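Proteins come first, then strands; the chains are lettered A, B, ... in the order of their sequence lines, and each starts at number 1. Quick caveat: nothing in here was measured; it's all calculated off a predicted structure.
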2 protein chains.
Amino acid sequence: MTDKPRHSWVTIRDRIREMILNSTYGPGDKLPRDEEFAGRFGCARSTVHRAMQDLAQNGLVQRRRKGGTTVQRDPVTRATLNIPITRLEVEQKGSVYRYQLIRQSMQPPSAAILANFGLHEARPMLRVEALHLADSRPYIFEDRWICLETVPEIKDVDLTRESANEWLVRNRPYSRCDLRLYARRGTKSDSEILQSDVGNALFVMERTTWIGDAPITSLRAVAHPGYQLFTQG
Amino acid sequence: MTDKPRHSWVTIRDRIREMILNSTYGPGDKLPRDEEFAGRFGCARSTVHRAMQDLAQNGLVQRRRKGGTTVQRDPVTRATLNIPITRLEVEQKGSVYRYQLIRQSMQPPSAAILANFGLHEARPMLRVEALHLADSRPYIFEDRWICLETVPEIKDVDLTRESANEWLVRNRPYSRCDLRLYARRGTKSDSEILQSDVGNALFVMERTTWIGDAPITSLRAVAHPGYQLFTQG
DNA sequence: GAGTGGTCTAGACCACACG
DNA sequence: GTGTGGTCTAGACCACTCG
């Protein structure tokens, strides 16, 4: 039955948030300086800073040096997607995972892939097409390009045994990730690979990653009909 | 041409990340204590803490009191989606936004909505069906339920003028948001509202929000064919 | 130039989780 | 119990940016 410490940054955050909610400070308003809040709450400035850091991260306020802290005028809904390794995703659903390499070859990247990376000149890349299966049924088909300059070791990996997805996630942390999600009607080619009806609604995820400025990989993953992507757990 | 301060937490973070990348510490390995790193780098422990906070947030390491810091065994790709107010999304694309209220009524929530909220008993809710248009073409159709106990003021809002989306985002910050994304074939009803062909692939976003434990709203938004959802800018 | 947030430090204590 | 991360403090200086 212990109370929350009066000066915990969580408490401070909730108090400030409460003031925003009850319109003590409305959208676009400037909040008091951190130091002012610190004095008012009887805590250290750094505690207010920690609270503000959290509010800013959740998009409720905006902070600028000299400009101060303002209540976000047009809040955005922020949601964090956790995209696990496909094998683990399948296994966590209690299904048996299987993986199948379809094609693998060195290719000059298509214009679309170059655009994803924001590159102006072609670089040597490895293209890998593979299918992830759950209980022997097609789960996700991925068409992936890997930059050989950034990831030369990939040439020595046996991609018939381990998926590029898994190897990369385990061995090549990225510093930036672009994501694009959309729905698409299944083509004849989709239907053959995913064993689904032509014209079915398919969920598509396009993902491009970099380490620093160096491109790592860009892929289009097409999921089986019925696939859903969630936030959190 | 100023160098980055030797003890900036960003520098410390990059150094630690580098050690993880070059396999000084591999997946599952335990990292030295923060204090150990601090001594090694010649900085304060809190600086190491700040660096670790960032690495943990990006899913590269996992931290536990007493258990120490370990390199994440199965990294997850984390992507943050920014979902703006629909009106702003449309306007930022340079299109003219229009909004159309289709239906509005008090209704007992369906079982699916109750499940979204994790509620066991029905509560009074307002159901709002509305269409967002871009350049007079259907953009997103939303079917929304709003909990009247949590948001009683919504009864006094003129939803023919302002969308529930906009009013809620501006006036009801949330503390928790669940998101579910998937693709679905358009039904006859979809095709009429969105003026698209029956059977088209539609992108669906289901979103449920709470403030504390109190349910705010739960909605299903169906986008026009061709809609894409991005990360960041 | 000057005001505000961002960071770094050194030290203290707390809280959780493992043995 | 005990070790580790989490937090809080007080103070100093830095860096961005607005006027």
At the 4.0 Å heavy-atom cut-off to chain A, mark where contacts on DNA chain D begin and end, going 5' to 3'.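 Here the contact window of chain A covers D:dT7 to D:dC18.
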
Atom CZ of A:R45 and atom P of C:dT4: how far apart are they, to the nearest Å?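 A:R45 atom CZ is separated from C:dT4 atom P by 11 Å.
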
Heavy atoms only, 4.0 Å cut-off, all strands: where does A:S46 land among base, sugar-phosphate and nothing?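 Base contact - A:S46 has a heavy atom under 4.0 Å of at least one base atom.
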
Pairwise side-chain contact, [X] with [Y], heavy-atom cut-off 4.5 Å (strictly under):
X: A:F203; Y: B:L181; answer: yes
X: A:L31; Y: A:V61; answer: yes
X: A:T231; Y: A:L81; answer: yes
X: A:L168; Y: A:R144; answer: yes

Donor-acceptor side-chain pairing of A:E206 and A:Y182 below 3.5 angstrom: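 Distance-only check passes for A:E206 and A:Y182.
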
A:S46 side chain vs A:H49 backbone, donor-acceptor pair below 3.5 Å: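 No; judged by distance alone, with no hydrogens or angles, the pair does not exist.
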
Hey, is B:R170 close enough to A:D74 for a salt bridge, meaning N to O under 4.0 Å?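 Judged by the 4.0 Å cut-off on N to carboxylate O distance, B:R170 and A:D74 do form a salt bridge.
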
Looking at DNA chain D, which of residues 62-72 of chain A put a heavy atom within less than 4.0 Å of it?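 Correct list: A:R64, A:R65, A:K66.
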
Would you say the ring centers of B:H132 and B:Y139 fall short of 6.0 Å from each other?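 No: the rings miss the under 6.0 Å criterion.
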
